[in-house]
Amino acid sequence: MNYKILKKNTNKGWNTWNTRSVLSYSHLPEGFTVNLCIKDYSSEHILRESLVGRENKNDEQIFPGARSYDGSCTQLNLKYKDLEIDVKTATENDEQYIMVTPLKIGIRTPVLIIEACLLWGKEGSISKKNGKIYGDFESRRFEIFTTGNITDIKHTASLSPYIAVTLDKPLVISTAPCTLSEVQEIYDKNKALLNKANGAFGKHAESYTAMKTCLAWDTIYEPEHERICSPVSRIWNVERGGYILFDWDTYFAAIMESLENKELAFLNAIAITDEVTEKGFIPNFGSVFDLKSRDRSQPPVGSYACLEVYKRWPEKWFLEKVYPNLLKWNRWFSEHRTTKEGYLCWGSDPFKPLSDRPEEKACIGDVFGAALESGLDNSPMYDNASFDEETHLMQLADVGLMGLYIMDCRSLIEISRILGNNEVIRELEIRKERTEKALITLWDEEFGLFLNKDLAKNEFSKRISPTNFYALQADCVSEVQKRRMMDEHFYNTEEFWGEYVLPSVSRNDPAFPDHVYWRGCIWAPMNYLTYISLKHAGLKKECNDLADKSEELLLKEWRLKGHVHENYSCYDGMGCSLKRSDKFYHWGGLLSYIAIDNENNG
């Protein structure tokens with residue numbers, strides 16, 4: 001297989017490919033789409049786009065149910081104004097079946113508007129004749145059927161042919177004639193298969209279902225590059241004009257998807273690696289119209305992620321595809337983010353904007369731009385850091401970055417051996433050794449931890465985070481140092497341990513009470529990167545404890561609201577109680593992945 005074949009094999013079939021709505025069902029490669037809109041008479045508005053996680057109480061509220069990656073089985077509950085509906089879908093023999101059940105309606109019966117659309121500039125035609133809607137393409141003809149009571153509603157603002165039906169009873173929308181009971185039978189059969197697949201994860205089946213459900217609902221078709229990918233959330237995509245892929249977020253998606261879906265794991269790892277900039281680094285983000293963060297990268301986790309995917313699905317062509325850009329990225333960090341002493345620092349380089357978008361103008365070439373490169377945006381660790389405008393580096397030797405760079409070098413060494421690129425291995429070993437040699441000087445014997453160092457003041461920083469534990473990626477950390485790090489800091493309830501862990505900054509930090517974003521909240525990627533650092537260091541008890549706590553945290557709000565959050569509160573373990581936390585952000589699923597991986601590495 002190669003990438004071209006992979007895209008061809010996956011750009012097909014029915015799914016919720018359209019990022020703008022989870023009530024939009026598209027067929028690839030044609031782009032024929034059945035889009036469901038709702039007219040609830042309690043307001044003049046027609047709900048045309050339905051998304052999970054809207055913040056306004058007057059917006060639609062969606063409880064996303066378990067679903068398959070391939071769209072063969074989906075379920076969600078939607079509340080909007082005075083209306084509540086249950087929507088179940090299933091596919092069979094390449095036909096789409098949608099079952100809509102009204103659970104609550106207002107004074108006047110609401111209307112479901114069934115639009116037929118042609119998306120993404122695909123070639124074909126949509127027509128309506130004698131009350132029936134057709135989609136005609138070179139490959140096939142589609143027809144829309146419904147068991148609903150058709151009503152004549154004119155003011156819909158629809159720009160394509162549509163059928164309107166009253167939501168006064170359960171009904172079916174389908175591309176092949178089918179009764180309600182027949183659709184229920186197809187759905188039940190597909191749901192049983194989904195339950196079996198999720199149930200294979202044993203005692204972790206519930207948390208795996210949460211992780212997979214979020215990833216599957218966030219997976220879309222991205223037409224600019226004609227690919228399937230899994231951005232962090234649909235809301236982020238819509239706000240950025242169509243899609244946005246964040247660096248470490250997308251690599252984490254690939255790792256999680258690799259548990260079951262080889263194709264999605266490959267697609268996402270390749271998608272973000274292909275966003276490489278002209279300077280040779282994977283950017284903080286890549287988005288529509290070639291908009292990307294050309295000033296900054298993000299934590300170097302790509303090589304580790306691709307190696308993890310390969311270990312589950314050992315196909316060499318995949319490593320051969322990503323390897324050149326991953327190697328460029330490693331070299332770029334060495335050349336552009338390393339001081340003469342061998343320390344690594346976050347940075348932000350000025351560049352000539354390609355457009356007038358604010359993302360290409362704000363926070364470029366300054367200390368906050370460098371903080372954005374860390375992925376930890378507003379972390380207190382960087383509050384008082386200075387910035388060197390000559391080197392474009394934050395003047396802070398960063399323990400977390402150095403630990404992850406060591407992991408990146410080690411992963412690339414292993415990939416190089418797999419691919420037979422032995423001539424590169426010594427180059428990578430030298431960079432790994434140089435970084436380890438610098439890292440060991442960041443040990444503070446009195447404090448018992450590897451600490452970031454303010455290079456302008458030549459002093460250690462006591463503002464600590466789980467990133468300080470990433471030092472465990474280095475092979476030069478002694479057993480005595482490991483024990484002190486765990487006993488004095490990891491299990492210290494004034495710093496990181498507690499009912500809900502791990503806070504993104506120590507509990508005794510002055511900024512912890514802010515509790516917004518990276519100022520105290522719990523982030524799944526921090527738990528995960530700490531976990532794999534503990535695993536590399538052979539700290540099994542700590543791995544077990546962190547895995548148990550992480551899974552419990554994910555399940556708390558999943559069971560209550562069906563949410564998988566961007567970040568969680570250290571106070572109540574919820575995401576919804578925070579000022580800023582996307583409700584359906586797929587890297588929250590890493591809290592489940594940690595438990596599953598730990599079980600497999602028992």
### Query
Between Asp40 and Ser42, is a side chain to side chain donor-acceptor pair (under 3.5 Å) present by the stated rule, with each step listed?
CA-CA 6 Å; Asp40 179 288; Ser42 62; 2.4 Å; yes
#### Entry: Residue pairs passing the ring pair (Phe, Tyr, Trp, His ring centres under 6.0 Å) test where at least one lies in residues 552-575, sequence neighbours excluded
Phe512-Tyr571, His515-Tyr571, His563-His565, His565-Tyr568
### Task
Output yes when a side-chain donor or acceptor of Asn2 lies under 3.5 Å from a complementary backbone atom of Trp317, and no otherwise.
no
### Query
Short question: side chain of Arg312, backbone of Lys262 - any donor-acceptor pair under 3.5 Å?
no
### Non-hydrogen side-chain atoms of Ile173 and Tyr25 separated by less than 4.5 Å
no
### Residues Thr209 and Asn198: side-chain donor-acceptor under 3.5 angstrom
yes
### Task
Answer yes if the side chains of Asp70 and Ser68 hold a donor-acceptor pair under 3.5 Å, and no otherwise.
yes
### Task
Go through the steps to decide whether Arg234 and Glu239 satisfy the test side chain to side chain contact (heavy atoms under 4.5 Å, CB included), and finish with yes or no.
CA-CA 9 Å; Arg234 290 170 182 255; Glu239 289 175 351; over 6 Å; no
### Message
Is any side-chain heavy atom of Ile522 closer than 4.5 Å to one of Asn567?
### Response
no
Identify all side-chain donor-acceptor contacts of residues 245-253 below 3.5 Å with residues at least two apart in sequence or on another chain.
from	atom 1	to	atom 2	distance (Å)
Trp248	NE1	Gln298	OE1	3.3
Asp249	OD2	Tyr585	OH	2.6
Thr250	OG1	Phe246	O	2.5
Tyr251	OH	Thr273	OG1	2.7

### Query
Taking Lys212 for the side chain and Ala66 for the main chain, is one N or O donor matched with an acceptor at less than 3.5 Å?
no
### Query
Are a donor atom and an acceptor atom from the side chains of Thr219 and Ser230 found within less than 3.5 Å of each other?
yes
### Query
Is the backbone of Asn56 close enough, under 3.5 Å, to the side chain of Gln61 for a donor and an acceptor to pair up by distance?
yes
### Query
With a 3.5 Å cut-off and no angle check, do the side chains of Thr16 and Arg67 form a donor-acceptor pair?
yes
### Task
Could you pull out the closest heavy-atom pair between Ser550 and Leu591, with the gap in Å?
O-CB, 3.4 Å
### Query
Side chains of Ile38 and Leu78: closer than 4.5 Å at any heavy-atom pair?
yes
### 4.5 Å side-chain heavy-atom contact, Asn35 and Leu119
no
### Message
Could you report the tightest heavy-atom contact between Ser504 and Tyr517, atom names first, then the distance?
### Response
OG-O, 4.0 Å
### Query
Between Glu315 and Trp313, do the side chains contain an N or O donor and an N or O acceptor separated by less than 3.5 Å?
no
### 4.5 Å side-chain heavy-atom contact, Trp523 and Glu566
yes
### Message
So does Gly71 get a backbone contact from the side chain of Thr74, meaning a donor-acceptor N/O pair under 3.5 Å?
### Response
no
#### Entry: Check: Glu143 main-chain N/O paired with Thr175 side-chain donor or acceptor under 3.5 Å
no
### Query
Considering only heavy atoms from C-beta outward, does the side chain of Lys189 approach that of Glu92 to under 4.5 Å?
yes
#### Entry: Glu95 and Ser174 side chains, donor-acceptor separation under 3.5 Å
no
#### Entry: Carboxylate-amine/guanidinium proximity below 4.0 Å for Glu557 and Lys583
no
### Query
Do Asn284 and Ser293 have side-chain atoms, one donor and one acceptor, less than 3.5 Å apart?
no
### Donor-acceptor contact present, side-chain Asn190 to main-chain Ser72, <3.5 Å
yes
### Message
In the structure I gave you, are the side-chain heavy atoms of Val232 and Asp218 within less than 4.5 Å of one another anywhere?
### Response
no
### Test log, rule salt bridge (charged side-chain N to carboxylate O under 4.0 Å, His left out), inputs Glu30 and Arg140
CA-CA 9 Å; Glu30 295 84 5; Arg140 66 178 285 185; 5.6 Å; no
### Message
Checking Thr109 against Asp168 for the side chain to side chain donor-acceptor pair (under 3.5 Å) test, could you report, in this order, the C-alpha distance in whole Å, the side-chain angles of both residues, the deciding distance, and whether it holds?
### Response
CA-CA 6 Å; Thr109 303; Asp168 54 353; 5.6 Å; no
## Note on the structure
Looking only at heavy atoms, the pair that brings Ile186 and Cys178 closest together is CD1-SG, 4.4 Å
### Message
Go through it in stages, so that I can follow the logic: the residues are Glu206 and Arg559, the test is side chain to side chain contact (heavy atoms under 4.5 Å, CB included), and I'd like the CA-CA distance, side-chain angles, deciding distance and then a yes or no.
### Response
CA-CA 9 Å; Glu206 186 179 9; Arg559 287 168 174 166; 2.8 Å; yes
### Task
Mind listing the closest non-hydrogen atom pair of His586 and Pro231 along with its distance?
CD2-O, 3.0 Å
### Query
Does Thr146 reach the main-chain N or O of Val172 with its side chain, forming a donor-acceptor pair under 3.5 Å?
yes
### Query
Do we see a donor-acceptor contact under 3.5 Å between the side chains of Glu115 and Ser158?
yes
### Task
Determine, stepwise, if the pair Ile270 / Val322 fulfils side chain to side chain contact (heavy atoms under 4.5 Å, CB included).
CA-CA 6 Å; Ile270 292 170; Val322 296; 4.0 Å; yes
### Summary
Trp518 and Asp377 have their tightest heavy-atom pair at CD1-N, 3.8 Å
### Pairs satisfying ring pair (Phe, Tyr, Trp, His ring centres under 6.0 Å), at least one member in residues 59-97, at least two apart
none
### Task
Keeping the roles fixed (side chain from Asn268, backbone from Leu264), state whether a donor-acceptor pair exists under 3.5 Å.
yes
### Message
Can you list everything that forms a ring-ring contact (aromatic ring centres under 6.0 Å, His included) with Tyr593? Sequence neighbours excluded, please.
### Response
Tyr528
### Query
Is there side-chain contact between Ile150 and Val165, with at least one heavy-atom pair below 4.5 Å?
yes
### Message
Under a plain distance cut-off of 3.5 Å, with no hydrogens placed, do Asn9 and Glu263 share a side-chain donor-acceptor pair?
### Response
no
### Query
Do other residues, nucleotides or ligands put more than 12 heavy atoms under 6.0 Å from the NZ atom of Lys311?
yes
### Query
If every non-hydrogen atom of Gln75 is compared with every non-hydrogen atom of Tyr187, which pair is closest and at what distance?
CB-OH, 3.5 Å
### Message
As an exercise, state the distance from NZ of Lys81 to NE2 of His45, rounded to the nearest 0.5 Å.
### Response
7.5 Å
### Message
Go through it in stages, so that I can follow the logic: the residues are Leu6 and Leu267, the test is side chain to side chain contact (heavy atoms under 4.5 Å, CB included), and I'd like the CA-CA distance, side-chain angles, deciding distance and then a yes or no.
### Response
CA-CA 8 Å; Leu6 176 64; Leu267 284 165; 3.7 Å; yes
### Task
Using a strict 4.0 Å threshold on nitrogen-to-oxygen distance, state whether Asp274 and Arg227 make a salt bridge.
no
## Note on the structure
Taken in chain and number order and not counting sequence neighbours, the residues that satisfy salt bridge (Lys or Arg N to Asp or Glu O under 4.0 Å) with Lys196 are none
### Message
Between Glu226 and Lys7, does any NZ, NE, NH1 or NH2 come within less than 4.0 Å of an OD or OE carboxylate oxygen?
### Response
no
### Task
Kindly say whether Asn598 contributes a backbone atom to a donor-acceptor pair with the side chain of Tyr531 at under 3.5 angstrom?
yes
### Message
Show me the pairs that pass ring pair (Phe, Tyr, Trp, His ring centres under 6.0 Å) and involve residues 112-143, at least two apart or across chains.
### Response
Trp14-Phe142, His27-Phe142, Phe32-Phe142, Trp120-Tyr221, Phe137-Phe142
### Task
Have a look at Ser50 and tell me which of Asp59, Leu23, Leu36 forms a side-chain contact (heavy atoms from CB on, under 4.5 Å) with it.
Leu23
